*Asks:* 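Let me begin by handing over the structure; questions about it come next.
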Amino acid sequence: MARLLKMHKLIPTRIFSDVEKLAKYALGETATHRLELYRKYLSISDKKYLDWAFDQIINWKQSQSLKNVIHIHGNKDKVFPIKYIRGNTIEVKNGTHVMIVSKYKWFNENLPQLILS
């Protein structure tokens with residue numbers, strides 16, 4: 001429905017420029033002690049980019065999983081809940097939307113083997 005009515009065009013993307021609120025939503029209350037690190041990685045707040053990104057997400061038309069793609073996804077992602085993820089997925093326990101920052105140890109340990117295989 002959002003796609004047909006282009007409702008995503010009504011989202012005021014400037015609200016995403018507030019990194020503290022965005023980090024708190026994506027990561028929960030634990031974000032406060034790591035906010036400087038998150039600020040560094042969540043700094044994409046350009047309105048033009050965010051408008052483009054929302055449009056790409058809403059209009060995504062991938063109907064089948066790609067065979068040579070491994071999807072690494074956190075089971076605590078509030079932005080894209082794992083219950084909607086299909087296909088060849090590796091679920092990261094307690095991984096959030098920005099788990100590349102918070103679960104860096106998991107990535108350091110597992111990515112080399114995943115890439116080589």
Side-chain angles (χ1 to χ4, degrees):
M1 178 88 102
R3 183 181 320 152
L4 293 173
L5 297 175
K6 299 188 186 245
M7 294 172 70
H8 62 287
K9 303 273 186 190
L10 301 174
I11 296 172
T13 50
R14 69 182 172 277
I15 65 173
F16 295 100
S17 63
D18 187 342
V19 176
E20 285 83 3
K21 286 181 185 172
L22 184 61
K24 192 177 238 183
Y25 174 75
L27 304 164
E29 295 296 326
T30 59
T32 53
H33 71 282
R34 292 185 175 179
L35 196 52
E36 282 305 314
L37 183 59
Y38 298 132
R39 209 179 257 126
K40 179 179 177 182
Y41 292 99
L42 297 174
S43 61
I44 300 173
S45 59
D46 177 70
K47 181 179 175 5
K48 192 172 183 176
Y49 168 77
L50 290 172
D51 290 343
W52 172 86
F54 273 106
D55 190 62
Q56 297 304 303
I57 292 166
I58 295 294
N59 291 300
W60 185 264
K61 292 187 176 153
Q62 184 74 40
S63 59
Q64 294 181 354
S65 297
L66 300 173
K67 292 179 183 177
N68 294 327
V69 172
I70 298 171
H71 188 126
I72 301 171
H73 203 91
N75 67 345
K76 302 276 183 175
D77 188 330
K78 293 180 183 178
V79 179
F80 298 111
I82 193 140
K83 68 181 180 180
Y84 299 113
I85 305 303
R86 305 282 182 262
N88 188 12
T89 304
I90 296 173
E91 185 174 320
V92 178
K93 185 179 179 182
N94 296 318
T96 64
H97 192 64
V98 291
M99 69 181 180
I100 193 118
V101 175
S102 61
K103 295 289 186 183
Y104 67 91
K105 288 180 183 177
W106 185 94
F107 284 96
N108 286 342
E109 291 170 8
N110 294 283
L111 273 183
Q113 181 181 353
L114 290 170
I115 291 169
L116 292 173
S117 64

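None of the values given here were measured: they were computed from a predicted structure.
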*Asks:* When Ile, Leu, Val, Met, Phe, Trp and Tyr are grouped by side-chain heavy atoms lying under 4.5 Å apart, directly or through other members, which residues fall in the same group as L66?
*Replies:*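 Under the 4.5 Å side-chain rule, L66 groups with V69.
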*Asks:* Calculate, to the nearest 0.5 Å, the distance between atoms CD1 and CG belonging to I72 and L111 respectively.
*Replies:*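 I72 atom CD1 to L111 atom CG measures 5.0 Å (nearest 0.5 Å).
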*Asks:* What's the shortest heavy-atom distance between Q62 and Q64, and which atoms?
*Replies:*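 Shortest heavy-atom separation between Q62 and Q64 comes out as NE2-O, 2.7 Å.
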*Asks:* So which heavy atom on M99 is nearest to which on G74, and how close?
*Replies:*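 The answer is CE-N, 3.4 Å.
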*Asks:* Nearest 0.5 Å please: distance from the CD1 atom of I85 over to the CG atom of N75.
*Replies:*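 I85 atom CD1 to N75 atom CG measures 12.0 Å (nearest 0.5 Å).
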*Asks:* State which residues pass side-chain contact (heavy atoms from CB on, under 4.5 Å) with N110; sequence neighbours excluded, sorted by chain then number.
*Replies:*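 Expected list: W106, L114.
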*Asks:* Once you round to the nearest 0.5 Å, how far does CD1 of I90 lie from NE2 of H73?
*Replies:*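 That separation rounds to 13.0 Å.
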*Asks:* side-chain contact (heavy atoms from CB on, under 4.5 Å) between T96 and K103: does it pass, once the steps are laid out?
*Replies:* CA-CA 9 Å; T96 64; K103 295 289 186 183; over 6 Å; no
*Asks:* State, to 0.1 Å, how close G87 and S65 come at their nearest heavy-atom pair, and which atoms those are.
*Replies:*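 Closest pair (atom of G87, atom of S65, distance): CA-OG, 3.1 Å.
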*Asks:* Once ring-ring contact (aromatic ring centres under 6.0 Å, His included) is applied, do any residues pair with F80, and if so which ones, sequence neighbours excluded?
*Replies:*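 With neighbours one apart ignored, the set is H97.
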